[in-house]
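Single-structure report; data block below.
So that the names make sense, note that chain A is the first sequence line, chain B the second, and so on, each numbered from 1. If you're wondering where the values come from, they're calculated on a predicted model, not measured in any experiment.
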Amino acid sequence: MANYPWLRIPASAVDQAARELLGWQLTANGVTVRVTEVEAYSGLGQDPASHAHRGVTGRNEVMFGPAGMLYVYQIYGMHFCANVVCGEAGVASAVLLRAGEVVEGLDTARARRPAAKNDRDLAAGPAKLMQVLALDRRANGTSVVDGTGPATLRPPPTPVPAGDIAAGPRVGVTAAHDVPWRFWIAGDPTVSAYRRHTARPRNAK
DNA sequence: TATTCGATCCAT
DNA sequence: TGGATCGAATAC
């Protein structure tokens, strides 16, 4: 089993764990993706953008478990996104896998993403990444570090230099726009396009 | 039990 | 820029 230094990063430093996860390779169902973009979510109760902000619910309970588990949730009734749970058990810190580069199983990946116009768009978004790996809610609560789950995370062949990591506000979140907890590999073409959350019209009073 | 709305993607 | 589409969270 590989060595996973980010497993030991405390939940209070989940942004550090997010940086470390860049460049790691996630393999599932015949496809391998190199992680190029992530977002950190704090479990300390101070992060209004986190699904765990209001405490334990049926959806987010794996976030409160041990590090190395996948927290998979469905969004907009049709897409799935995955987080790697980080930090000590009991604190719901996690890192959202936002985008990646397909480095193995290219043909399989293309077949699973007919809407992709080119190869760098195959996993250029959190739900696209899940589609390429053919993962869904069944992966929720499974481990990516001990080989027991459908997905396995492996160390980068060559580490990402700290100077190559860029940071900015998280995508799509309705709160905490000022927190620069989105990290990506600078200049990588597979990083997803930034788009501010479009607020839906509120009921007029 | 009822209603609201989203850590997105795609075509327009 | 807006529509798809549905389950979890929250309001009642």
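Comparing the C1' positions of B/dC5 and C/dG2 gives a spacing of 16 Å, expressed to the nearest Å.
A/E39 comes within 4.0 angstrom of no nucleic acid atom, judged by non-hydrogen atoms across all strands.
Remark: of the listed residues A/R98, A/R19, A/R170, A/R98 is the sole one forming a salt bridge (Lys or Arg N to Asp or Glu O under 4.0 Å) with A/E39.
With a 4.5 Å cut-off on side-chain heavy atoms, A/N3 and A/P155 do not count as touching.
Contact annotation: A/H51 side-chain N/O to B/dA7 OP1/OP2 distance is under 4.0 Å. When the side-chain nitrogen and oxygen atoms of A/R98 are compared with OP1 and OP2 of B/dT8, one or more of them lie within a distance under 4.0 Å.
The hydrophobic clustering, which links ILVMFWY residues whose side-chain heavy atoms are closer than 4.5 Å, places A/L153 and A/F183 together. Hydrophobic clustering (ILVMFWY, side-chain heavy atoms < 4.5 Å, transitive): A/L97 and A/I9 are in one cluster.
Stacking of A/Y41 onto the six-membered ring of B/dA7 is present: less than 5.5 angstrom between centres, less than 30° between planes.
When the ring pair (Phe, Tyr, Trp, His ring centres under 6.0 Å) test is applied to A/Y73, the partners found at least two apart in sequence or on another chain are A/H51, A/Y71.
With no hydrogens or angles considered, no side-chain donor-acceptor pair links A/T152 and A/T27 at under 3.5 Å.
With hydrogens and angles ignored, the 3.5 Å screen pairs no side-chain donor or acceptor of A/N83 with any backbone N or O of A/A94. Of the possible donor and acceptor atoms, none in the side chain of A/T32 sits under 3.5 Å from a partner among the backbone N and O of A/V103.
With a 3.5 Å limit on both pairing distances and Watson-Crick or G-U wobble geometry required, the stems of 3 or more pairs in DNA chain C span B:1-6 with C:6-11, B:8-11 with C:1-4.
On a pure distance criterion of 3.5 Å, no polar donor-acceptor pair joins the side chain of A/Y73 and the base of C/dA8.
When the C1' atom of C/dA9 is taken as reference, atom CD of A/E61 falls 15 Å away, rounded to whole Å.
Residues from residues 107-129 of chain A that place a heavy atom under 4.0 Å from any atom of DNA chain B, listed by number: A/R113, A/A115, A/G125, A/P126, A/A127, A/K128.
The side chain of A/R54 approaches C/dT10 more closely than any other nucleotide in the set C/dT10, B/dA7, C/dA9. Here the nucleotide nearest the side chain of A/R137, chosen from C/dA9, C/dG7, B/dT8, is C/dG7.
For A/R182 and A/W184, the positive end sits near the middle of the six-membered ring, less than 6.0 Å away and at most 45° from its axis.
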